[in-house]
Amino acid sequence: RDLHSFPTRRSSDLIGATTGIFSVVDAVLLRALPYRNANRLVSLYEDRSRTGFPRKEFTPANYADCKAQTGSFADVAALDADRFYNLTGSGATPERLSAEGVTHNLFPLLGVQPLLGRVFSSQEDTPGSEHVVLLSHRLWLGRFGGDPRVIGSKILLNGEKYSVIGVMPPGFSFPNQNADLWVPIAFTQRDLANRGSHFLMVIAALQPGVSLQEANAALRVLSQRLRREHMDVMQFVDGFIADPLQNVYTREVRSGLVVLLAAVAFILLIACANIANLLLSRAAGRQREISLRVARGAARGRFVRQLLTESATLAVAGGVLGILLAEANFRFLRNLIPVDLSRTVAIEIGRASCRERV
């Protein structure tokens, strides 16, 4: 009995560990982000390796040139994720909110539809137009009680009136987990001539049929031309880089997760070999019993069914206990998901799920 229970306990522990780690790897590394055509979404960077910044944010002027002159992309959007607004009025305590200025085409590029209302129009993404804002689902519930009548109302941000035109779906908080609201970035002509301020995150969608290598080759040609034309401000820019958007979130954890999965899987293989040896030893110890029963006329098929039943029982028991262990460990395993993905990616047994596929 002890020999039979030992492989069950050992296999369940390792099945639980392997299943749990694979679920995290599947959620973070293998499955696409919950956006339309996620496999074609890339993030653009300025390569300034000589100054210690191999992936530097874009300047507005370089963003405008990439959008206008690179045919490798179906669309290019930009956002400034480092804005803050003070929300006042509404009869409640003032609140400091994390905001993002975005170009109007960001949400269509991602394939995101608001839960209520609409996204920005091109007219609203111009200087001097009426102030409009999109609320996160979390802010809508916490500050406005989930009232759908908030659409069309006015709120005070930094002392100025903004019209609420939409509420984003649950779980959406692009690109950072703490985004509370989005406003149009509304570049002026002076902004679009600025090649000295690096603050833009740039997202692009590859044209169908265009590979990442082809897009990077086109960006290299463009950066070389711009460096010749604007040597005074572009002298330390070695080039522009397109990187899959998923890498933005997983770059720091990718190698660690792969090594962890390989280590657990390797230990599982060793345990399987050990369990196989234990079962063989147990079968060898039963040779006398089996020989006596055969001599007394027992059918061989009956022995085969008995042995198969015992092995199946062992496998099922180990598997069930392993899955239960993986479920119990998910509270810890969720800490392995990058922070900025934690609101849109959830882990389940053997697969990933997105809380809201937008």
Side-chain angles (χ1 to χ4, degrees), residues 33-36 38 41 43 60 63 75-90 92 94-188 191 199-205 245 340-344 354-358:
L33 294 172
Y35 306 124
R36 184 178 61 197
L41 294 179
S43 184
Y63 151 72
D75 201 1
V76 182
L79 59 152
D80 173 12
D82 295 323
R83 296 188 178 192
F84 295 92
Y85 286 85
N86 291 316
L87 175 62
T88 56
S90 304
E95 185 175 357
R96 184 171 172 83
L97 302 175
S98 173
E100 295 171 3
V102 303
T103 55
H104 71 277
N105 59 333
L106 175 67
F107 301 112
L109 186 150
L110 297 175
V112 176
Q113 294 294 329
L115 178 68
L116 298 174
R118 60 176 178 84
V119 295
F120 305 126
S121 67
S122 58
Q123 291 77 18
E124 291 165 339
D125 190 22
T126 56
S129 53
E130 179 188 4
H131 291 322
V132 291
V133 64
L134 290 168
L135 307 179
S136 70
H137 188 266
R138 182 183 67 258
L139 179 65
W140 176 57
L141 291 179
R143 180 78 183 210
F144 301 98
D147 186 353
R149 292 175 298 180
V150 72
I151 303 299
S153 66
K154 304 282 187 179
I155 62 175
L156 286 178
L157 297 174
N158 289 350
E160 297 185 13
K161 290 185 178 181
Y162 282 73
S163 295
V164 178
I165 64 169
V167 175
M168 301 310 289
F172 179 81
S173 191
F174 186 88
N176 303 315
Q177 68 156 349
N178 294 321
D180 294 309
L181 47 86
W182 294 263
V183 297
I185 201 165
F187 286 124
T188 65
D191 291 332
F199 63 94
L200 289 180
M201 180 178 182
V202 178
I203 306 298
L245 183 59
D340 289 336
L341 283 179
S342 60
R343 286 204 176 136
T344 54
C354 296
R355 293 193 177 96
E356 186 75 19
R357 180 162 292 275
V358 291

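These numbers were taken from a predicted model, which means no experiment stands behind them.
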Between the CZ atom in Phe84 and the CD atom in Glu100, the distance rounded to the nearest 0.5 Å is 10.0 Å
For His104, ring pair (Phe, Tyr, Trp, His ring centres under 6.0 Å) partners two or more places apart: none
Any heavy-atom pair between the side chains of Leu156 and Lys161 that's under 4.5 Å? yes
Rounded to the nearest 0.5 Å, how far apart are CD1 of Ile185 and CG of Asp125? 7.5 Å
Give a yes or no on whether the backbone of Ser98 and the side-chain of Asp180 come within a donor-acceptor separation of less than 3.5 Å. yes
Distance from Met168 atom CE to Ser173 atom OG, nearest 0.5 Å? 10.0 Å
Does a side-chain heavy-atom distance below 4.5 Å link Val119 with Val112? no
Distance check, rounded to the nearest 0.5 Å: Leu115 atom CG versus Ile151 atom CD1? 8.5 Å
Qualifying residues under salt bridge (Lys or Arg N to Asp or Glu O under 4.0 Å), relative to Glu124, sequence neighbours excluded: Arg118
Hey, are the side chains of Phe144 and Ile155 touching, using non-hydrogen atoms and a 4.5 Å cut-off? yes
Taken in chain and number order and not counting sequence neighbours, the residues that satisfy salt bridge (Lys or Arg N to Asp or Glu O under 4.0 Å) with Asp191 are none
Side chains of Leu157 and Leu181, heavy atoms from C-beta outward: is any pair under 4.5 Å? yes
Under the side-chain hydrogen bond (donor to acceptor under 3.5 Å, both in side chains) test, residues paired with Asp147 that sit two or more places apart: Arg149
Check whether Ser163 reaches the backbone of Val132 with its side chain - one donor and one acceptor, N or O, closer than 3.5 Å. no
May I ask you to decide if Phe120's main-chain N or O and Trp182's side chain share a donor-acceptor pair within less than 3.5 Å? no
From Glu130 atom CD to Lys154 atom NZ, the distance as rounded to the nearest 0.5 Å: 4.0 Å
Measure up the Phe172 and Tyr35 rings against each other and bin them: parallel (under 30°), tilted (30 to 60°), perpendicular (over 60°). perpendicular
Partner residues of Trp140 under the side-chain hydrogen bond (donor to acceptor under 3.5 Å, both in side chains) criterion, sequence neighbours left out: none
Who pairs with Ala77 by side chain to side chain contact (heavy atoms under 4.5 Å, CB included), at least two apart in sequence or on another chain? Thr103, Asn105, Leu106, Leu109
Got a second to check how far Leu135's CG is from Arg143's CZ, nearest 0.5 Å? 11.0 Å
Measure from the side-chain N and O atoms of Asn158 to the backbone N and O of Asn86, and report whether any donor-acceptor pair falls under 3.5 Å. yes
Quick check: do Ile203 and Phe174 have side-chain heavy atoms less than 4.5 Å from each other? yes
Going by the angle between their ring planes, with limits at 30° and 60°, are His131 and Tyr162 parallel, tilted or perpendicular? parallel
Any donor-acceptor pair under 3.5 Å from Asp80 side chain to Leu200 backbone: no
Closest non-hydrogen atoms of Ala179 and Ser136, given as atom of the first, atom of the second and distance, are O-CB, 3.6 Å
